[in-house]
Amino acid sequence: MALGKRCSLLLTLYLFPLTVIVGASATGYGYGPNPNSYVSKNKFFPQVFSVQGIVYCKSASGVIPLKGGVVRITCLDLDKDGYETAPFSVLSRPTDANGYFLAKLSTELLEADGFRITQCKTFLHSSKLKACPYATNIGSGMSGAPLSAYRTLGSSKIRLYSVGPFVYDYTPQQNAPSHY
């Protein structure tokens with residue numbers, strides 16, 4: 001009886017990692033068609049959308065808006081056959097004196113070729129301020145802040161996504177997460 005339980009436990013421990021691997025590949029993170037990708041058109045980004053946020057510099061004397069900071073918006077999309085494509089990125093213009101950025105994106109050319117954006121994340125990209133060069137993960141600035149909640153602007157129906165605030169620091173961070 002004990003041998004049967006031991007074999008059952010070993011079989012479970014052996015099959016569990018396979019279940020995790022198969023489950024991960026079936027969730028749309030691997031290559032191949034995603035059967036759930038065209039279920040609802042509401043899961044795609046509209047033709048025109050904007051991303052806004054604020055970038056700060058944390059120094060020994062406090063937190064101040066960072067002028068000249070740049071953020072990167074990285075998106076994933078599906079081709080006309082439902083296959084995920086390689087991620088692509090767009091850089092914002094440098095932040096203003098208040099640390100504010102606004103990036104306007106258009107998917108018109110992508111959609112003309114049959115591509116649809118499915119998800120985007122915003123990352124810290126660069127700091128112009130030499131005294132504050134180190135990105136932090138505050139506001140998910142290094143790991144990527146997903147674009148999820150938005151508000152619709154006026155009659156134009158443009159979606160405005162807000163992220164951050166993001167922060168650069170004057171000292172390097174330990175255990176910094178990697179980008180995708």
Side-chain angles (χ1 to χ4, degrees), residues 28-29 37 40-79 84-180:
Y29 289 101
S37 63
S40 168
K41 290 189 181 244
N42 294 334
K43 292 186 178 181
F44 296 112
F45 280 77
Q47 271 197 341
V48 178
F49 63 96
S50 297
V51 181
Q52 72 173 356
I54 297 178
V55 180
Y56 292 104
C57 169
K58 180 180 149 195
S59 65
S61 60
V63 177
I64 58 169
L66 178 72
K67 182 179 179 180
V70 176
V71 300
R72 174 176 47 94
I73 301 150
T74 300
C75 299
L76 298 174
D77 60 7
L78 297 176
D79 67 12
E84 279 188 347
T85 64
F88 65 93
S89 296
V90 176
L91 297 179
S92 73
R93 293 180 184 249
T95 55
D96 65 12
N98 297 317
Y100 178 78
F101 70 89
L102 176 67
K104 298 176 185 177
L105 293 91
S106 173
T107 63
E108 188 175 357
L109 294 175
L110 290 171
E111 289 181 7
D113 289 335
F115 295 95
R116 301 292 304 257
I117 294 177
T118 58
Q119 59 182 317
C120 295
K121 287 184 176 182
T122 305
F123 300 86
L124 286 170
H125 180 72
S126 64
S127 169
K128 186 177 178 182
L129 190 59
K130 301 281 188 222
C132 219
Y134 301 106
T136 71
N137 203 40
I138 295 172
S140 299
M142 290 182 69
S143 60
L147 303 187
S148 54
Y150 64 88
R151 65 180 186 176
T152 306
L153 299 179
S155 62
S156 64
K157 304 285 185 194
I158 293 176
R159 289 184 187 175
L160 177 62
Y161 294 87
S162 296
V163 294
F166 296 138
V167 178
Y168 277 94
D169 201 333
Y170 71 102
T171 59
Q173 301 296 301
Q174 295 180 5
N175 300 330
S178 63
H179 300 159
Y180 78 80

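We number each residue from 1, following the sequence as shown.
When all heavy atoms of S143 and N137 are compared, the pair lying nearest together is N-OD1, 2.8 Å. Taking all atoms of both residues into account, the shortest heavy-atom contact from S50 to K104 is OG-CG, 3.5 Å. Of all non-hydrogen atoms in P65 and G99, the two that sit nearest each other are CB-N, 3.7 Å. Minimum heavy-atom separation, P94 to G68: CB-CA, 3.8 Å.
By the 4.5 Å heavy-atom criterion applied to side chains, L76 and I117 are not counted as neighbours. Y56 is not listed as a side-chain neighbour of C132, based on a closest heavy-atom distance of 4.5 Å or more.
Taking the ring-ring contact (aromatic ring centres under 6.0 Å, His included) definition, one finds that Y150 meets it with Y161, sequence neighbours left out. By the side-chain hydrogen bond (donor to acceptor under 3.5 Å, both in side chains) test, S162 is found to be paired with Q52, residues two or more places apart in sequence or in another chain being considered.
Atom CG of L102 is separated from atom OG of S92 by 9.5 Å, given to the nearest 0.5 angstrom. The distance from atom CZ of F166 to atom CZ of F101, rounded to the nearest 0.5 Å, is 5.5 Å. Summarising the geometry, atom OH belonging to Y168 is positioned 10.5 Å from atom SG belonging to C57; distances are rounded to the nearest 0.5 Å. Between atom CG of residue D79 and atom CZ of residue R116 there is a gap of 13.0 Å, rounded to the nearest 0.5 Å. Atom CZ of R159 and atom CG of L153 lie 11.5 Å apart (nearest 0.5 Å). The line from CD1 of I54 to CG of N98 is 7.5 Å long, rounded to the nearest 0.5 Å.
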Side chain to side chain contact (heavy atoms under 4.5 Å, CB included) between V51 and L105, intermediate numbers included: CA-CA 8 Å; V51 181; L105 293 91; 4.2 Å; yes
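Between the side chains of T74 and R72, at least one donor N or O lies within less than 3.5 Å of an accepting N or O. Donor-acceptor pairing under 3.5 Å is lacking for the side chains of D169 and T136.
Sorted by first then second residue, the salt bridge (charged side-chain N to carboxylate O under 4.0 Å, His left out) pairs that include residues 91-102, not counting sequence neighbours, number zero.
Checked against V163 for a side-chain contact (heavy atoms from CB on, under 4.5 Å), the options L147, V71, I73 give a single hit: L147.
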